[in-house]
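Heavy-atom basis, side chains included; hydrogens, waters and symmetry copies ignored. Just so it is clear, the model here is predicted, and its values are computed rather than measured. Per chain, numbering begins at 1; letters A, B, ... match sequence-line order.
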Amino acid sequence: MPELPEVEVMRRNIEAHVLHAGLRKVDVLDPRLTTSLPQNWENAVVNNELSETRRVGKYLFLFFGKTWLHLHFGMTGSIVFVPTNDHLPKYSRLALDFDNGLRMCFTDPRTFGKMDVVNRVESFLSTKKLGRDLLDATEDDAKKMFVNRKISAKAILLKQKEVAGIGNWLADEALFRQKIHPATPGGSLSERKAQHLLDEAKRIAVEAIDADTHYGDFPDHFFVHHRKENNDCPCGMGKIEKVQLAGRSTYFCSTCQS
DNA sequence: CGATCTGTTAGTAG
DNA sequence: ACTACTAACAGATC
């Protein structure tokens with residue numbers, strides 16, 4: 001489910017299927033998705049071609065000539081392509097019909113996903129106060145986000161206002177690989193350690209994208225393969241423990257991570 | 001049946 | 001004004 005790597009893979013998949021295709025028809029299948037949109041918002045996108053896509057953190061933007069369609073996938077949102085007259089996939093909330101015979105469906109069983117139309121991506125990002133995308137994060141970002149902070153390193157990694165795109169499994173993965181206990185207060189990490197941590201998160205994101213975010217295809221060294229309570233840690237010395245941090249289940253090995 | 005889940009945000013308290 | 005924590009959103013899965 002959608003953290004930065006998953007959203008990036010969806011973005012690439014969308015480009016592969018419908019970049020420069022014309023949008024012919026919009027079907028809103030779950031009206032809750034569009035309650036806060038302007039009246040007749042469809043007119044701003046229909047009969048235009050999808051000319052550009054962007055992703056910042058977990059947010060996806062599709063440009064239809066006049067305006068951007070913004071999608072956020074929540075916990076269970078996804079994009080599925082089917083032939084235009086095929087059955088809709090289960091949990092479809094929105095369907096976009098393109099003139100190349102493909103229908104792009106936004107599926108979302110838990111319905112935490114969101115959609116909006118925006119004129120400028122930059123103003124959307126500043127309203128949200130979203131941090132820089134993880135893949136573009138700098139050493140300076142790493143220094144600033146952890147320094148003088150009392151909250152846990154895990155909580156800081158999850159803050160989209162610091163760096164955008166890290167979710168629960170990616171945060172656990174980076175902390176495990178850098179041997180940092182997830183509850184470590186951000187401010188007690190050295191500048192160097194903070195930079196290594198953010199750099200690790202970036203590398204993980206790239207590796208996950210390269211594997212098309214199919215977890216089974218992730219390299220063996222990925223912590224995600226062991227990320228379950230009471231599993232043996234690959235270090236051979238400890239068991240994986242589970243705690244709640246920042247309201248999220250957090251898995252780690254207290255032997256490796258201190 | 002009850003607990004859990006890879007996200008965000010309104011509300012609350014400090 | 002900012003920081004940090006919680007509940008809520010909803011349904012499949014174990």
Side-chain angles (χ1 to χ4, degrees), chain A residues 1-11 29-36 55-60 70-80 89-93 106-116 118 124-125 127-131 133-134 144-177 182-187 201 204-209 211-218 222-231 240-252:
Chain A
M1 289 13 27
E3 300 186 20
L4 182 152
E6 289 87 346
V7 179
E8 175 61 16
V9 168
M10 284 191 235
R11 188 190 70 79
L29 307 156
D30 180 351
R32 290 172 297 178
L33 202 54
T34 53
T35 45
S36 63
R55 180 199 53 75
V56 179
K58 305 168 191 174
Y59 294 82
L60 182 64
H70 141 239
L71 294 174
H72 190 281
F73 296 97
M75 294 276 260
T76 56
S78 192
I79 295 292
V80 179
K90 215 174 175 187
Y91 308 114
S92 291
R93 305 182 67 197
F106 176 30
T107 63
D108 186 12
R110 285 176 72 180
T111 70
F112 292 175
K114 295 274 193 302
M115 184 178 78
D116 206 349
V118 294
F124 175 89
L125 299 178
T127 305
K128 280 263 188 288
K129 298 191 166 68
L130 210 60
D133 187 79
L134 172 64
K144 278 196 218 138
M145 66 195 281
F146 293 101
V147 72
N148 285 342
R149 296 270 233 148
K150 292 190 179 70
I151 60 169
S152 64
K154 165 99 182 212
I156 295 172
L157 286 174
L158 291 176
K159 282 191 181 295
Q160 306 301 301
K161 288 176 180 161
E162 301 296 337
V163 158
I166 301 175
N168 207 17
W169 75 257
L170 188 27
D172 282 0
E173 184 82 36
L175 289 162
F176 177 81
R177 292 201 202 173
T184 310
I204 294 162
V206 171
E207 286 180 290
I209 292 166
D212 275 338
T213 60
H214 296 139
Y215 290 12
D217 296 342
F218 286 177
F222 265 65
F223 177 62
V224 75
H225 298 307
H226 313 278
R227 192 174 167 274
K228 189 160 179 269
E229 195 171 12
N230 290 325
N231 271 6
I240 303 304
E241 299 169 39
K242 183 174 102 163
V243 294
Q244 289 290 120
L245 275 178
R248 319 305 308 278
S249 289
T250 299
Y251 299 85
F252 70 105

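When distances are taken from the side chain of I151(A) to each of dT8(B), dA4(C), dT6(B), the shortest belongs to dA4(C). Across dT4(B), dC9(C), dC5(C), the shortest atom-to-atom separation from the side chain of K242(A) is found for dT4(B). Minimum atom distance to the side chain of R149(A) is reached by dA4(C), of the listed dC5(B), dG7(B), dA4(C).
Distance K129(A) NZ to dT3(C) C1': 13 Å, rounded to the nearest Å. Per the geometry, CE belonging to M145(A) stands 18 Å off P belonging to dC2(C), to the nearest Å. Going from atom NZ of K161(A) over to atom C1' of dT3(C) covers 10 Å, rounded to whole Å. Taking atom CG on L125(A) and atom P on dT8(B), their separation rounds to 13 Å, with Å as the unit. Computed from coordinates, the L158(A) CG to dT9(B) C1' distance equals 15 Å when rounded to whole Å. Across the protein-nucleic acid pair, M10(A) atom CE and dG7(B) atom C1' stand 12 Å apart, rounded to whole Å. Put simply, NZ on K150(A) is 16 Å from C1' on dC5(C), counting in whole angstrom units. When rounded to the nearest whole Å, the span between CG of D108(A) and P of dT6(B) equals 16 Å.
Separating the P atom of dT4(B) from that of dT6(C) is a span of 16 Å, rounded to the nearest Å. Taking atom P in both dA12(C) and dT8(B), the straight-line distance is 22 Å, to the nearest Å. Using atom P as the reference point in both dA3(B) and dA7(C), the two lie 14 Å apart (nearest Å).
In this structure, CD1 on I240(A) lies 11.5 Å from NZ on K228(A), to the nearest 0.5 angstrom. K114(A) contributes atom NZ, which lies 9.0 Å from atom NE2 of H72(A) (distance to the nearest 0.5 angstrom). To the nearest 0.5 Å, atom CD1 of residue I79(A) and atom CG of residue L71(A) are 5.5 Å apart. Rounding to the nearest 0.5 angstrom, the gap separating the CG atom in L158(A) from the CD1 atom in I166(A) is 7.5 Å.
Regarding contacts with the backbone of dT4(B), every side-chain N or O of R248(A) stays at 4.0 angstrom or more from both OP1 and OP2. For the pair Y251(A) and dC5(B), the criterion of a side-chain N or O lying under 4.0 Å from OP1 or OP2 is met. The shortest distance between the side-chain N/O atoms of H72(A) and the OP1/OP2 oxygens of dG7(B) is not below 4.0 Å. In terms of phosphate contacts, K114(A) brings no side-chain nitrogen or oxygen within less than 4.0 Å of OP1 or OP2 of dC9(C).
One side chain, N168(A) or K154(A), offers a donor N or O that lies under 3.5 Å from an acceptor on the other. At a cut-off of 3.5 Å, with distance as the only test, a side-chain donor of S249(A) or Q244(A) sits close to an acceptor on the other residue.
Between F112(A) and dC9(C), a base-stacking contact is recorded: ring centres under 5.5 Å apart, planes less than 30° from parallel. Using a 5.5 Å limit on the distance between ring centres and a 30° limit on the angle between planes, the aromatic ring of F73(A) does not count as stacked on the six-membered base ring of dG7(B).
Residues H226(A) and F176(A) are not in side-chain contact: their nearest non-hydrogen atoms beyond the backbone lie 4.5 Å or more apart. Annotation: side chain of R177(A) is in contact with side chain of F222(A) (closest heavy-atom distance under 4.5 Å).
For the strand DNA chain B, secondary-structure stems (runs of at least three Watson-Crick or G-U pairs, all distances below 3.5 Å) span B:2-5 with C:11-14, B:7-14 with C:2-9.
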Dump the pairs, protein N or O against N or O of nucleotides 11-14 of chain C, anything under 3.5 Å, distances to one decimal.
unit_1	atom_1	unit_2	atom_2	d
dA12(C)	OP1	Y91(A)	OH	2.8

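Judged by distance alone with a 3.5 Å cut-off, no donor-acceptor contact links the side chain of Y59(A) to the base of dT8(B).
Scored by the side-chain contact (heavy atoms from CB on, under 4.5 Å) test, K150(A) finds no partners at all (sequence neighbours excluded).
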Residue pair D133(A), L4(A): steps toward the side-chain contact (heavy atoms from CB on, under 4.5 Å) verdict:
CA-CA 9 Å; D133(A) 187 79; L4(A) 182 152; 3.5 Å; yes

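Within the 4.0 angstrom heavy-atom criterion, no nucleotide atom of any strand lies near G247(A). K58(A) comes within 4.0 angstrom of sugar-phosphate atoms only, judged by non-hydrogen atoms across all strands, and of no base.
For F252(A) and F223(A), the ring centers are positioned 6.0 Å apart or more.
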